[in-house]
Number of protein chains: 2
Amino acid sequence: MKDYLNIFKALSDENRLRILLMLKMRPLCVCEIYEVLNIALSTISAHLKLMKNIGLIEDEKEGRWVIYRLGKDNSFLHELLEALEKKLQNDQKILNDRIIISHTTREICALKLKEKQNI
Amino acid sequence: MKDYLNIFKALSDENRLRILLMLKMRPLCVCEIYEVLNIALSTISAHLKLMKNIGLIEDEKEGRWVIYRLGKDNSFLHELLEALEKKLQNDQKILNDRIIISHTTREICALKLKEKQNI
DNA sequence: ACATAATATAGAAATATCTTTATATTGTCA
DNA sequence: TGACAATATAAAGATATTTCTATATTATGT
């Protein structure tokens, strides 16, 4: 039962839910998620760590990025996200997230991040 | 989105999850739930109030009992519980809960409650 | 109407969660 | 190899959650 409680707890936070729905589109590096959520990078790191620990997502190093993706072996999560995506078809925040992700790349987000940090 | 976050938050607590799966069997009064969970009655009341507020369950007075049941109009919750029930087919705690609920009644639980309070 | 049965609310303690700023780690490229 | 890019960890504050005990509410049967 604990596994399922953990899944529901993960899904009950807005930022984590948005991350999962973004990862359903494609694998993402941390700075792409940052570009969308506008919360501290360390907060994103913490959310990702939590979801990795309970098997919802996986990571892999690729160049100087760490790429996160949905866990392959979690059919329950996949079914849940599939259902959620339909229910949230008209959710403005989710729609916006999708637009940003489909119009950007790791390279662009990395550049934007650098600019923000130089200000 | 808030609606779904609330549903997931409700499901992320073990006691609330157990209550929902019991209510999936049949409507229950508070003292039947108490018989199963072994936590303070006021705690159960709080959990029920929370779930009622977000539309997961409904209540109705019947004699001196308040009978709680799953909300009729929440198809997302029903689908979730259906899926969960299958996943938790072999969960010992859930199995035990089901046994207790299928072997007791409001009347029996009310009596047991009275005994406990007289000790 | 009163006593009691069933449930709800108030208040408080312990713990958990989310977030930020500051600092550390790690790998890559010049 | 040294500087920097990308991400992670630590520490700390604010807030939320879960639970309990004690008390209140409300309806029912006598």
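What you are looking at is a predicted structure, and each value in this text was computed from that prediction instead of being measured.
Ion pair A:Glu82/A:Lys24 flagged as a salt bridge, since at least one NZ, NE, NH1 or NH2 atom sits closer than 4.0 Å to an Asp/Glu carboxylate oxygen.
The distance from atom CD of A:Glu35 to atom P of D:dT7 is 13 Å, rounded to the nearest whole Å. Look at CD1 on A:Ile57: it is 13 Å from C1' on D:dA8, rounded to the nearest Å. A:Trp65 has its CH2 atom 9 Å from the C1' atom of D:dA6, to the nearest Å. In this structure, the NZ atom of B:Lys114 is 14 Å from the P atom of D:dG29, given to the nearest Å. Atom pair A:Ile33:CD1 and D:dA8:P shows a separation of 9 Å (rounding to whole Å applied). Atom-to-atom, NZ of B:Lys49 to P of D:dA24 comes out at 17 Å; the value is rounded to the nearest Å. In this structure, B:Lys112 atom NZ and C:dA6 atom C1' are separated by 18 Å, rounded to whole Å. Atom NZ of A:Lys52 is separated from atom P of D:dT7 by 13 Å (rounded to the nearest Å).
Within the 3.5 Å criterion, the main-chain N or O of A:Met1 finds a donor-acceptor partner in the side chain of B:Asp91. Of the possible polar contacts, one joining the A:Ser102 side chain to the A:Ile99 backbone as a donor-acceptor pair under 3.5 Å is found. The backbone N or O of A:Glu58 lies less than 3.5 Å from no partner atom in the side chain of A:Arg69, so there is not a single donor-acceptor pair.
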Pull out every protein N or O sitting under 3.5 Å from an N or O of nucleotides 11-15 of chain D, one pair per line with the distance.
none

Nucleotides 27-30 of chain C: which of its N/O atoms have a protein N/O under 3.5 Å away?
unit_1 : atom_1 : unit_2  : atom_2 : d
C:dT28 : OP1    : A:Gly63 : O      : 3.4

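At a threshold of 4.5 Å between non-hydrogen side-chain atoms, the residues A:Leu84 and A:Leu17 count as touching. At a threshold of 4.5 Å between non-hydrogen side-chain atoms, the residues A:Leu37 and A:Met22 count as touching.
Within the nucleic acid shown, A:Tyr68 comes within 4.0 Å of sugar-phosphate atoms alone, with no base atom in reach, counting heavy atoms only.
A:Ile100 CD1 to A:Ile108 CD1: the interatomic distance, rounded to the nearest 0.5 Å, is 12.0 Å. The distance from atom NZ of B:Lys87 to atom CG of B:Leu80, rounded to the nearest 0.5 Å, is 12.0 Å.
Shown here for B:Ile7 and B:Ile54, the closest heavy-atom pair between the two residues is N-CD1, 4.3 Å. In plain terms, the two heavy atoms of B:Leu56 and B:Leu77 that are nearest each other are O-CD2, 3.6 Å.
Using bins of under 30°, 30° to 60° and over 60° for the plane-to-plane angle, the ring pair B:Phe76/B:Phe8 lands in the perpendicular bin.
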- Query: How would nucleotides 11-21 of chain C be written as a contact map, 5' to 3', with B for base contact, S for sugar-phosphate-only contact and - for no contact, using protein heavy atoms under 4.0 Å?
  - Reply: ------SSSBB
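Environment of NZ in A:Lys93: sparse, with no more than 12 heavy atoms of neighbouring residues, nucleotides or ligands closer than 6.0 Å.
Listed nucleotides: D:dT7, D:dA8, C:dT9. Nearest to the side chain of A:Cys29: D:dT7.
The salt bridge (Lys or Arg N to Asp or Glu O under 4.0 Å) contacts involving residues 28-38 of chain B comprise B:Arg26-B:Glu32, B:Glu35-B:Lys112, where partners must be two or more places apart or lie in separate chains.
With side-chain heavy atoms closer than 4.5 Å counting as contact, directly or through intermediates, the hydrophobic cluster containing A:Trp65 also holds A:Ile67.
For the segment residues 19-26 of chain B, no residue has any heavy atom less than 4.0 angstrom from an atom of DNA chain C.
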